[in-house]
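To start, the structure under review is shown below, and the notes come after it.
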Amino acid sequence: MAAFNNLKNILMLAFDWILYSAGVADTCQVTVTQPRSQEADSSMHTVFLTCAFSSSGCSSSPPQILWFRFLTTEHEDLCTPGCTDHQKYKVHFSSENNISLQINDLTVYDNAVYICGVAFSDSSSPHSKQTGGGTVLTITGAEKQQSNGKLVFTFMIIISSLLFLYTTTVFTFFVVYKVGSK
């Protein structure tokens, strides 16, 4: 976990630099907040991760909204600002300063830390490009599906074994009856 946090901190600095390099000069200050964690059942198929931001001293032009995700050993740029996979990810503006990332076709591979970034690219202030602390998305229900599959497999083995024993018993009685009647 410590290695993951170190990797996360290094990548956050890299993203902050990327966000900072997108800008140009003033007192613009942005704060980004995200829920620490969110659970979703894999049967839901779609989840919305939320992100809220506030800004002061920034231009009236709309900011760039960026989404990244950190997996155990790597990171991905999901929407920077355009989404790389339009079928899987979509960014929504639910109100002026509230954004959500829609993730479709949920699988266990969507378990990750999702980070929202907000950048006023027309500002050179180092505080005009910020990221949230990240939301840990945990997909549940896949364990139930896997557990159900194991249960069905075990049930099939038991039924097959019982059928084998029944068939062997009937065959044995048949052989004993034929041999005994001679």
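All of these numbers come straight from a predicted model, not from anything done at the bench. What you see below is based on every heavy atom in this structure, not just the backbone, and it leaves out hydrogens, waters and symmetry mates.
- Evaluation of the disulfide bond (SG atoms under 2.5 Å apart) test over residues 67-102, restricted to residues two or more places apart or in two chains, returns C79-C83.
- For S125 (side chain) and C28 (main-chain N/O), a donor-acceptor pair under 3.5 Å exists by modelled atom type.
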**Test log, rule side chain to side chain contact (heavy atoms under 4.5 Å, CB included), inputs C58 and V30** = CA-CA 8 Å; C58 302; V30 176; 4.1 Å; yes
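- In this structure the side chain of T33 never reaches within 4.5 angstrom of the side chain of C51, judged on heavy atoms.
- By the 4.5 Å heavy-atom criterion applied to side chains, V113 and F68 are not counted as neighbours.
- Among residues at least two apart or in separate chains, side-chain hydrogen bond (donor to acceptor under 3.5 Å, both in side chains) pairs with a member in residues 45-56 are T46-N104.
- Every side-chain hydrogen bond (donor to acceptor under 3.5 Å, both in side chains) that S61 has, sequence neighbours left out, goes to S59, D122.
- Taken together through direct or relayed side-chain contacts under 4.5 Å among Ile, Leu, Val, Met, Phe, Trp and Tyr, M44 and Y89 form parts of separate hydrophobic clusters.
- In this structure, V118 and L66 have side chains that are not in contact, with every pair of non-hydrogen atoms separated by 4.5 Å or more.
- V32 is not listed as a side-chain neighbour of T131, based on a closest heavy-atom distance of 4.5 Å or more.
- W67 pairs in a side-chain contact (heavy atoms from CB on, under 4.5 Å) with only one of the listed residues (L101, D77, T84), which is L101.
- With hydrogens and angles disregarded, a donor-acceptor distance shorter than 3.5 Å links the side chain of N111 to the backbone of I139.
- Remark: T135 pairs with Q34, P35, Q38, L49 by the side chain to side chain contact (heavy atoms under 4.5 Å, CB included) rule, at least two apart or across chains.
- Every residue meeting the ring pair (Phe, Tyr, Trp, His ring centres under 6.0 Å) condition with H92, not counting sequence neighbours, appears here in chain and number order: F48.
- The list of salt bridge (Lys or Arg N to Asp or Glu O under 4.0 Å) pairs with a residue in residues 91-119, not counting sequence neighbours, reads R69-D110, K88-D110.
- In this structure, A40 and L106 approach most closely via the heavy-atom pair CB-CD1, 3.9 Å.
- Not counting sequence neighbours, the partners of N97 by the side chain to side chain contact (heavy atoms under 4.5 Å, CB included) test are F53.
- Rounded to the nearest 0.5 angstrom, F93 CZ and I65 CD1 are separated by 5.0 Å.
- K90 meets the side-chain hydrogen bond (donor to acceptor under 3.5 Å, both in side chains) test with no other residue; sequence neighbours excluded.
- We find the CD-CD distance between Q29 and Q130 to be 7.5 Å, quoted to the nearest 0.5 Å.
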